[in-house]
Amino acid sequence: MNQVLFEGRFLVSMISTMIQKGSLHVRYGRMDWERLFRTADYHRVANIIYLGLLGNGGLVSERWMNRFFDRYQECLYNGDACEAGEKEVLTLLDMEEIPCIILSSSTVRGLYELSEMADLSPLRLYLDQENYVRVKGYLVDLGYETIQTYPEYGERMHRLSGLNVDIYRKMPFKTRYYEKGLRNLVLRARVRNGGKTVRILSAEDRLVYRLASAAYQYATDGLLIRDMLDLFLYHKAWRAHLDREYVMKKLQDFRIDMLAFKLLHLSYMWFGEKEDKEYIQSGESLEDVASFDVLENRIFSRGEDGKDNETDPQALGLMRLLQKDEERELRRLRHQNFHRKMAERKRAVSRFFQWVFPDYKYMSALYPNLEKAPVLLPFYWLLRGMRLMMGMLKGGNRRL
């Protein structure tokens with residue numbers, strides 16, 4: 001576990017150096033470059049690490065240097081193609097006058113001094129059920145195909161040499177607080193400049209969405225170093241124009257305001273410079289450094305270290321709510337399965353009785369005399385049953 005934490009801190013240190021244009025002093029000899037590449041690739045920062053390793057090629061094996069370069073090259077050459085594909089999709093939606101809301105897009109690339117340091121982030125769209133089906137059809141016509149599904153929420157579609165497009169018919173977050181908070185954000189979305197029906201969130205609401213997403217991913221052990229870096233760069237770029245009181249009030253609706261602030265503070269601890277500190281003072285006392293160690297360790301270890309030692313009340317509260325939602329969903333599925341099995345048994349019993357006691361029309365076709373005396377239907381059921389039994393017995397004797 002110590003190795004995992006060491007690798008995480010190394011990645012953060014190198015990224016911070018690249019962002020701040022400083023110099024990195026690391027004992028490269030301690031590195032397991034295979035493990036480090038896989039960790040960097042998981043956190044989606046391998047392209048940045050490649051830039052940090054330039055000039056130190058002799059310290060990294062050619063094989064793993066090439067693997068880092070592959071990720072860098074993907075972001076370098078595919079970035080423009082993704083932006084063009086995104087523009088094509090959004091233009092089509094405006095032309096067809098399909099209402100939708102952009103949750104995230106490639107505009108995050110503009111936050112990086114070098115665009116190739118950014119990740120190939122998907123275009124995420126939120127739509128109602130009817131327009132969800134229409135948009136999926138348009139994307140299929142453009143050559144996109146589904147590569148991943150989000151049960152009950154939506155799916156990810158991809159086009160070769162193009163971008164990933166996530167389409168949601170329901171926000172991919174659980175708990176009643178998140179459902180209510182996100183519903184309020186969606187209602188405030190406005191039509192983007194030059195558009196018709198495609199809407200975007202305001203700068204404050206985009207920050208609320210990012211912070212709420214970060215807190216949710218942290219509670220579900222899916223928060224990446226890349227997510228923290230994007231959060232830091234977005235806040236740093238917009239902090240002078242944000243209504244802090246509004247942001248904190250909206251985060252309170254999610255019940256994660258202090259957890260979200262701690263994650264933002266941690267991102268500044270990782271990537272910020274000394275003069276950035278004044279922008280993240282909350283007016284409320286932060287907990288001791290140990291609480292940030294828990295946050296850091298849990299992110300680096302993907303939840304293996306720190307989850308059982310979680311101390312943040314809001315993180316614990318969110319985890320409990322998610323667990324309750326999961327248990328409720330399991331109960332619902334068990335209930336559905338029970339009723340499905342009961343319905344199947346009922347149909348099986350019904351088919352059995354229909355076979356044993358066919359209706360009058362079928363029986364009268366087999367026994368024409370039944371038409372003269374319909375009251376004898378039970379007698380003919382018995383007669384038919386005896387004939388079937390005799391046939392089965394004769395067939396069994398022949399096999400013997």
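Values below: every heavy atom of this structure, side chains too, minus hydrogens, waters and symmetry copies. Everything quoted here is computed from the prediction, not taken from an experiment.
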For [X] and [Y], test the side chains for any donor-to-acceptor distance below 3.5 angstrom and give the result as yes or no.
{"X": "Tyr132", "Y": "Glu155", "value": "yes"}
{"X": "Asp257", "Y": "Gln314", "value": "yes"}
{"X": "Thr197", "Y": "Glu97", "value": "no"}
{"X": "Arg206", "Y": "Tyr234", "value": "yes"}

Below 30° counts as parallel, above 60° as perpendicular, anything between as tilted: where do the rings of [X] and [Y] land?
{"X": "Phe69", "Y": "Tyr72", "answer": "tilted"}
{"X": "Phe353", "Y": "Phe357", "answer": "parallel"}
{"X": "Phe300", "Y": "Trp270", "answer": "parallel"}

Item to complete: Taking only Lys NZ, Arg NE, NH1 and NH2, and the carboxylate oxygens of Asp or Glu, determine whether Glu179 and Arg183 approach each other closer than 4.0 Å.
Response: no

Practice prompt. Ignoring hydrogens and angles, tell me if any N or O in the side chain of His43 forms a donor-acceptor pair with the backbone of Arg226 under 3.5 Å.
Written response: no

Worksheet item: Of the options Arg199, Lys196, Arg192, which is the one that meets Asp94 in a salt bridge (charged side-chain N to carboxylate O under 4.0 Å, His left out)?
Response: Arg192

Worksheet item: What pairs of residues pass the side-chain hydrogen bond (donor to acceptor under 3.5 Å, both in side chains) test when at least one of them lies in residues 364-375, not counting sequence neighbours?
Response: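 Listed once each, the pairs are Tyr367-Arg387.
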
Item to complete: Apply the side chain to side chain contact (heavy atoms under 4.5 Å, CB included) test between Ile225 and each candidate in Thr39, Val45, Asp230; give the one that qualifies.
Response: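 Between Ile225 and the candidates, side chain to side chain contact (heavy atoms under 4.5 Å, CB included) is satisfied uniquely by Val45.
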
Fill in: Listed partners of Asp243 passing side-chain hydrogen bond (donor to acceptor under 3.5 Å, both in side chains), at least two apart
none

Discussion item. Aromatic contact between Tyr177 and Phe254, with the criterion being ring centroids under 6.0 Å apart: yes or no?
Written reply: no

Worksheet item: Strictly under 6.0 Å, is that where the ring centroids of Phe173 and Tyr216 end up?
Response: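 So the answer is yes for these two rings.
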
Discussion item. Going by the rule ring pair (Phe, Tyr, Trp, His ring centres under 6.0 Å), which residues pair with Tyr144 if we only count those two or more places apart in sequence or in a different chain?
Written reply: none

